[in-house]
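Values reported hereafter were calculated over all heavy atoms of this structure, with side chains retained and with hydrogens, waters and symmetry mates removed. Keep in mind that this is a model prediction, so the values were computed, not measured.
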Amino acid sequence: VEEKQIPELDEAFAEKSRDGAYASLEELRKSISDNILESKKRQIRDDLREKVVKAVIDQAEITLHPLIIDEQTHEMLHQLGHLLEQQQMSLDQYLLMTRQNRNEYLESIKPEAEQRLKRQLVLDDVAQQEDIQVTDAEIDDLLFAYAQMGQQIAGTDEQKRSLTISMRREKAVTRLI
């Protein structure tokens with residue numbers, strides 16, 4: 001019979017946590033409480049952002065041609081393939097695990113593809129109407145932040161263009177709220 005040894009929740013435990021970052025059990029408790037509160041605030045903020053964007057999308061009258069939706073589903077399939085490669089799995093293995101063929105998978109993601117396209121169009125329209133701009137300095141700061149997190153991005157023109165579009169859309173969401 002195995003028995004788990006649970007350490008005492010005391011000052012010594014607090015001092016051992018995070019290599020002595022906490023001088024007392026009270027500091028450790030406060031830090032945990034602050035982290036939980038911040039996480040809840042972030043979740044509420046994210047939920048609000050999504051509700052606002054969804055409401056704006058729902059109000060917009062957008063009709064998308066089926067070919068555009070098909071193009072987006074293929075792009076999503078391509079992105080999934082890259083994510084799976086990073087986890088040493090092929091797209092075919094994934095489809096086998098999910099018991100779908102390529103066409104079934106593409107069909108299953110069409111609603112999400114349509115929502116993504118509508119979201120992009122609405123946010124691009126908001127950004128245009130609000131004259132939202134992204135400066136080269138903001139992109140350089142973003143590339144620097146990625147580098148600080150250990151995610152080196154080459155900063156090619158195509159990557160900068162993509163980051164600019166994403167940041168402009170993010171600013172549009174913030175403007176809506």
Hydrophobic cluster membership, with links at side-chain heavy-atom distances under 4.5 Å among I/L/V/M/F/W/Y: are [X] and [Y] in one?
X: Ile69; Y: Leu77; value: no
X: Ile44; Y: Leu176; value: no
X: Ile62; Y: Val173; value: yes

With Asp47, the side chain to side chain donor-acceptor pair (under 3.5 Å) member among Arg45, Gln43, Lys51: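 Going through Arg45, Gln43, Lys51 one by one, the side chain to side chain donor-acceptor pair (under 3.5 Å) with Asp47 is satisfied by Gln43 alone.
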
Side chain to side chain donor-acceptor pair (under 3.5 Å) partner of Asp124, the single match among Gln129, Arg168, Arg169: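 Filter result, single survivor: Arg169.
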
Residue pairs, two or more places apart or on separate chains, that pass ring pair (Phe, Tyr, Trp, His ring centres under 6.0 Å) and touch residues 31-79: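 Qualifying pairs: His78-His82.
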
Listed partners of Glu112 passing side chain to side chain donor-acceptor pair (under 3.5 Å), at least two apart: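 So Glu112 forms a side chain to side chain donor-acceptor pair (under 3.5 Å) with Arg116.
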
[X] side chain to [Y] main-chain N or O, any donor-acceptor pair under 3.5 Å?
X: Lys171; Y: Gln133; answer: yes
X: Ser162; Y: Gln159; answer: no
X: Ser108; Y: Tyr105; answer: yes

Heavy-atom side-chain contact between Thr164 and Arg161 under 4.5 Å: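 No, every pair of side-chain atoms sits at 4.5 Å or beyond.
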
Could you work out, with side chain to side chain contact (heavy atoms under 4.5 Å, CB included) as the rule, every residue matching [X], not counting sequence neighbours?
X: Arg29; value: Leu9, Leu25
X: Ile57; value: Val53, Gln115, Lys118, Arg119, Val122
X: Ser90; value: Asp92, Gln93

Only distances under 3.5 Å count here; give the side-chain donor-acceptor pairs of residues 34-41 to other protein atoms, sequence neighbours excluded, each with its distance to 0.1 Å.
{"unit_1": "Asp34", "atom_1": "OD2", "unit_2": "Lys30", "atom_2": "NZ", "d": "2.9"}
{"unit_1": "Asn35", "atom_1": "ND2", "unit_2": "Ser31", "atom_2": "O", "d": "3.4"}

Closest heavy-atom pair and its distance - Ala172, Leu123: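 Looking at all heavy atoms of both residues, the shortest contact is CB-O, 3.6 Å.
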
